[in-house]
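Okay, so here's the structure we're looking at.
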Amino acid sequence: MADGATRAPSAVATAAAAGPAQETVRTPRTDPPAGPAAAAARRRGISWRQRLEIAVLVAPALVLMVVFVAWPVLRAVQWSFFTWKGYGPLVDFVGLANYVSILTNDVFHGAVRHNLFVVVASIVLQLPLGLAIALLLNRPMYGQGVLRTIVFVPYVLAEVIAGVVWFQLLQPRYGVIDAWLERFGLSGPAQGWLGTPELALYAVMIVLTWKYLGMAVILMLAGLQGIPHDVTEAAEIDGASWWQTQWRITIPLLGPTMRTWAFLSMIGSLQLFDMVWILTRGGPANATTTMATFLLTEGQRRANYGIASAASVVLFVIALVMALTYQRFILSRDNTVDSPRRGKR
Amino acid sequence: MLLTACGSDAGGNGGSSDGDGVTITWWHNSNNEPGLGYYQQVAEDFMADNPGVTIEISAMQHEDMGTKLDAAMQSGDMPDIFMERGGGEMADKIDAGLIRDLTDDAAETIEKLGGSVAGWTLDGRTYALPFSIGVVGFWYNTALFEEAGITDTPTTMDELFETIDALKAAGIDPISVGAGEGWPAAHYWYYFALRECSEEALNTAVSSLQFDDPCFIRAGEALEELIAAEPFNPGFLSTPAQAGATSASGLLATGKVAMELAGHWEPGVMQGLTDDGQGLGENTGWFPFPTTPTGEGDPTAALGGGDAWALSGDAPDEALEFIEYLLSDEVQQGFAENDMGLPTNPAAVDSISDPALAGLLEVRDSAPYVQLYLDTAFGQAVGGAMNDEIALLFAGQATAQDVVDAIEQAAGTAG
């Protein structure tokens, strides 16, 4: 207990210290100018002892990485070229047949489409909502702490528990939502929100938004703390309204946070599995399959490990390409943004 | 594991009577009383009679056992005794050398079980000893049938449609189906195939995976006709099979629907889904799947399946002795008295105490043949593709022809 109590404030202190630290990076005029040269000198001076130290310190992480990341990825690539039932030797080499099979499979096409829908819809829904709530919660108000906690609670809830609760809420006729609708003389769809192929994906999307909005809000709030008060103060002195301050000052300065959040959201959407599996298992009529549910169905339930491996490789490639593209064209702005500004000064 | 390997060597040398230091691992899914305690007692009795033999029991929840068994098969580190459902799934394991051939070593027991072993026999060789085989049919709520003024259970499709209309008129949802999980919906198609197709056509299709006989299209059309009558619970496309009060079994157990197509496990599942642990209690009723007007199949043929004890490829002879003991008159009678399933040993048939299960047993034993669940028979790859396509048919997104095409495509026999 005592240990936890002492640890908590120190974490806050570190977070607070991070703010000013950023400031010094942004105005490096006082930094010693010989940064790179000093680093080079240090590198030359590395002794065997130090190299050993580095090797010993890095090795455990590296071993874990190889055993639990690199090796499984390589095995999946290997399996994707075979027809394999999950046991017995790998003998039935089929070349690219598994890839041809999934790339011509309507269910897999649907899965990719659903993933992309979730990627786009997550950002379109959660970015403005998250930003708006963060800006509101950033204003001094009564019950601010409580409201911040409430917004964040869904994100803290275990995904499976949240999924089961929503599954019951969305049940046709006997679910809470349909019962409420009935009280107002309305009725839900006959097959239920999750049982109607045309509606199921939207229903899942709403649950996902409920679940992950808190994450966007908390990140934006953290970003807002990093924006120095003097900038907004200066704007206010110049006569800018609250709206103008937010629109012209706060939101642009929040850019790096929003771009990082969008990146995390995109990766999460591509890997989407738990919530869909609990709410719909990819159904009804394959209306909510994702790449992850597809590969689980093929692998675990049908024992088509070759096809499942090929699907996992395709998922890996799609995620990698999207992540690298995003880093190259969008996140890179955050890494270079300081230099032109520095030049102007 | 080391001990097991040693035991297997000793067994290979022909000595099965001396079980010095042999440890046998046994996985089963009777993880609730009375089954859990009964199997523990059976193992202890066997160990007392066979000094030196140790039986290590792992009782697991059914789904967990399936997952662990898959992993065990992949790693090769298998339990000596495990549950096997037969059919195409078993054929894959035989190809990989993971199952011991019991034909010669357990000849006596196999003969005693008679036709029951058919689902676990491939090319004249038997690989597992079935201890419980059940059949699928309609479980219904007798109180709700009464409420709707239904006096006789339906025996033909026309009568089933009348029953559905009567229930709807009384404001009762007629049938629940867990189409969200595929297989409960697929059971309808299997049964229509069983009714529409002659035994010969069915056997040819199961072994060749070619579905040229038009009876399979008629089966799909009969199912489409049933779906068009809208007998199913709201949201059936996303309804789970057995998990929770809103699952297909839960809806029947809590009186929200009047009937459900399910196997012999249903009373047990329903008991677990009601607060009083009774399920439908004395309102539990059962009737066989109705006949179709154009059917070529035997009207009393049944769809079913069961569980059998199988041995890993390198299991010791002591393990074989033990599973033969599990199929003995004595153990099977105890199995029946505890209502753990529908025994396969004819000597145990009279020991069953639950009236609903006793009725099922009668249906099973008077059926000219019991067709193994088609997804099990075809194996996971083909069976899974078939079940998914049938679920699409339930959603109105596939035709009778599509189902046949999907099976042949998955099996690589299209054309």
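Residue numbering restarts at 1 for every chain, and letters A, B, ... go by the order of the sequence lines.
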- Task: Please examine the side chains of B/Q397 and A/P197, heavy atoms only from C-beta on, and report whether any two atoms are closer than 4.5 Å.
- Result: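 Side chain of A/P197 against side chain of B/Q397, heavy atoms only: contact under 4.5 Å found.
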
- Minimum side-chain heavy-atom gap A/F167-B/P240 below 4.5 Å: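 When only atoms from C-beta onward are counted, B/P240 and A/F167 do touch, with a gap below 4.5 Å.
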
- Message: If you compare all heavy atoms of B/G235 against all heavy atoms of A/P172, which two are closest, and at what distance to 0.1 Å?
- Response: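 Nearest pair, atom of B/G235 first, then A/P172: CA-CG, 3.9 Å.
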
- Could you tell me which non-hydrogen atom of B/T246 sits nearest to which non-hydrogen atom of A/Q168, and how far apart they are?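 Taking every non-hydrogen atom into account, OG1-OE1, 3.3 Å.
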
Structural part of [X] lying under 4.5 Å from a heavy atom of chain A:
X: B/I390; answer: neither
X: B/L393; answer: neither
X: B/F394; answer: neither
X: B/T67; answer: side chain

- Can you measure from OH (A/Y174) to OG1 (B/T254) and round to the nearest 0.5 angstrom?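 Rounded to the nearest 0.5 Å, the OH-OG1 separation comes out at 7.5 Å.
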
- Query: By number, which residues in residues 82-89 of chain B have some heavy atom less than 4.5 Å away from chain A?
  - Reply: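 Hits under 4.5 Å: B/E89.
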
- Message: Take a 6.0 Å sphere around CZ of A/F152 and say whether it holds more than 12 heavy atoms from other residues, nucleotides or ligands.
- Response: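 More than 12 heavy atoms, drawn from other residues, nucleotides or ligands, come within 6.0 Å of this atom.
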
- Message: Are there over 12 heavy-atom neighbours, none belonging to B/Q61, within less than 6.0 Å of that residue's CD?
- Response: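 Count over threshold, so yes.
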
Donor-acceptor pairs are to be reported for all side-chain atoms of residues 380-387 of chain B against protein atoms at under 3.5 Å, with residues two or more places apart or in another chain.
residue : atom : partner : partner atom : Å
B/N387  : OD1  : B/Y190  : OH           : 2.6
B/N387  : ND2  : B/D375  : OD2          : 3.0

- Message: Test of understanding: with side chain to side chain donor-acceptor pair (under 3.5 Å), list the residues that count as partners of B/S238, not counting sequence neighbours.
- Response: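 Not a single residue meets the side chain to side chain donor-acceptor pair (under 3.5 Å) criterion with B/S238.
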
- Looking at residues at least two apart in the chain, or sitting in another chain, which of them share a salt bridge (Lys or Arg N to Asp or Glu O under 4.0 Å) with B/D173?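 B/D173 satisfies salt bridge (Lys or Arg N to Asp or Glu O under 4.0 Å) with A/R173 only.
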
